[in-house]
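When a ligand or atom number is given, it counts from 1 through the structure's own listing order.
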Amino acid sequence: MVTVNTNYAKLSESYLFSTIAKKVNAYQEAHPEADLIRMGIGDVTLPLTGSIIGALHKAVDEMGDAQSFRGYAPDLGYAFLREKIAEHDFQKRGCSVDADEIFVSDGAKCDSGNIQEIFATDNTIAVCDPVYPVYVDSNVMAGRKIMYLSCTEENGFMPVFPKDVPDLIYLCFPNNPTGSVITKAELQKWVDYANEHGSVIIYDAAYEAYIRTEGIPHSIYECKDARNCAIELHSFSKNAGFTGLRLGYTVVPKDLKRDGVFLHKLWARRHATKYNGAPYIVQRAGEAVYSEDGAREIRGLVDYYLQNAKTILTGLREAGFTVSGGTDAPYVWLKCADQKDSWEFFDELLENAGVIGTPGAGFGAGGEGYFRLTGFSSHENTLEAVRRIKEHYA
Ligand code: PLP
């Protein structure tokens with residue numbers, strides 16, 4: 001008789017987005033005239049740009065021609081894409097990352113959930129609190145112990161070194177949900193800590209394109225000796241709008257060794273066994289992101305969302321809220337008004353302003369009392385949401 005993985009019973013139920021949807025539906029039914037503005041989910045709203053669409057069309061045509069048809073992709077991804085990534089995302093920034101250290105995937109969610117498989121189940125895991133839930137849930141499913149690094153207003157929503165040394169450390173900057181960023185000097189301390197203790201950092205750089213401030217690292221490999229302790233995750237979702245198309249990549253440096261084993265070898269084995277690669281046409285679309293036109297268009301998309309984040313940040317500050325994030329990140333993190341808890345504030349904002357956000361408690365205990373708004377709406381809706389919030393709270 002089959003038994004099941006009982007670790008799944010230890011997962012906290014993910015009520016967050018379904019609870020939000022239920023509450024919104026109920027509200028909409030009771031108030032059919034309500035004009036609601038959605039600023040909760042982390043999905044992008046602008047369509048794919050011309051260069052991406054052009055590359056997709058061309059690749060689709062190639063697939064219909066016997067001469068240019070492609071079947072299974074190479075395990076690590078196509079060289080045309082990996083070489084562009086190595087050059088533009090790393091070498092141009094002075095980071096030493098080679099194309100054969102890049103594993104193309106269908107996104108950072110899968111990679112951030114799967115990467116734990118190459119580590120033993122008795123490793124201890126450190127995550128920030130609040131946190132992107134995938135890091136926690138994937139490790140709970142595997143039966144690992146989780147250590148929470150409390151990120152509070154007092155410490156500027158930055159993790160501090162724990163008393164007991166963790167084996168795996170998940171860091172995400174610019175951060176989801178708080179929008180906080182880390183300086184190169186601070187990140188270097190984590191790299192030094194990991195190298196000193198033999199830990200590995202899983203560095204999630206999904207929002208790297210939102211960094212506009214000098215001195216904020218786009219990659220952990222900008223830090224000295226990071227190749228000896230860090231794996232880095234990237235996504236094409238939030239910069240190029242690939243949330244529906246699906247593309248990302250993971251960097252595992254060839255010299256990163258733990259327990260006598262090169263981690264690149266383990267991840268290559270895992271990738272080859274369990275994964276068939278992102279579709280050819282999507283990898284061609286990814287290549288277009290690095291063309292001159294593509295890069296310009298994508299900067300325009302990110303600028304658009306950053307402008308919204310700025311509108312939210314300044315508007316809410318003027319309305320008297322305690323706010324952070326929102327400058328090198330699409331997320332604005334705010335303290336709920338009148339010491340309300342996250343869900344009370346959710347209801348209040350819905351009723352008072354018709355604005356839907358995400359309760360901070362959905363990202364862990366450390367998010368209680370906070371709320372996340374995103375810059376992913378249209379300019380018009382963002383301005384209107386801020387106007388309504390100011391009208392009610394200022
Ligand atoms: N990492 C973080 C921190 C995220 O917030 C998200 C998406 O919201 C992802 C990874 C997932 O990215 P992708 O769409 O590439 O799977």
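- The closest approach between any non-hydrogen atom of Tyr249 and ligand 1 is not below 4.0 Å.
- Geometrically, Arg284 engages Phe80 in a cation-pi contact, judged by NZ or CZ lying under 6.0 Å from the ring centre and within 45° of the ring axis.
- When each of Tyr148, Phe119, Trp190, Tyr135 is paired with Tyr170, the ring-ring contact (aromatic ring centres under 6.0 Å, His included) condition holds for Tyr135 and for no other.
- Closest heavy-atom approach to atom 4 (C) of ligand 1 among the candidates Phe236, Tyr207, Tyr331: Tyr207.
- By the side-chain hydrogen bond (donor to acceptor under 3.5 Å, both in side chains) test, Asn228 is found to be paired with no residue, residues two or more places apart in sequence or in another chain being considered.
- Between Tyr132 and ligand 1, a contact under 3.5 Å exists for no N or O pair.
- Against a heavy-atom cut-off of under 4.0 Å, Asp204 is close to the following atoms of ligand 1: 1 (N), 2 (C), 3 (C), 10 (C).
- Partners of Gln188 according to the side-chain hydrogen bond (donor to acceptor under 3.5 Å, both in side chains) rule, which considers only residues two or more places apart in sequence or in another chain, are Asp192.
- Contact between Thr243 and ligand 1 is absent, with no heavy atom of the residue lying under 4.0 Å from the ligand.
- Listed by atom number, the atoms of ligand 1 under 4.0 Å from Tyr135 heavy atoms are 3 (C).
- For Gly248, the closest heavy-atom approach to ligand 1 does not fall below 4.0 Å.
- Follow the hydrophobic side-chain contacts under 4.5 Å out from Leu11 and you never reach Leu16; the two are in separate clusters.
- Close contacts of ligand 1 with Gly107, meaning ligand atoms under 4.0 Å from a residue heavy atom, involve 15 (O), 16 (O).
- Distances below 4.0 Å separate heavy atoms of Lys238 from the following atoms of ligand 1: 7 (C), 8 (O).
- Annotation: Ala108 places an N or O atom under 3.5 Å from an N or O atom of ligand 1; distance criterion only.
- In summary, the atoms of ligand 1 found under 4.0 Å from a heavy atom of Ser237, numbered by their order in the structure, are 13 (P), 14 (O), 15 (O).
- Judged by a 6.0 Å distance limit and a 45° cone about the ring axis, Lys257 is positioned over the six-membered ring of Phe262.
- Linking Ile, Leu, Val, Met, Phe, Trp and Tyr residues whenever their side-chain heavy atoms come within less than 4.5 Å leaves Phe363 and Leu233 in two separate clusters.
- Using modelled atom types and a 3.5 Å distance limit, the side chains of Thr49 and Glu297 yield a donor-acceptor pair.
- The contact set between ligand 1 and Cys172, taken as ligand atoms under 4.0 Å from a residue heavy atom, comprises 3 (C).
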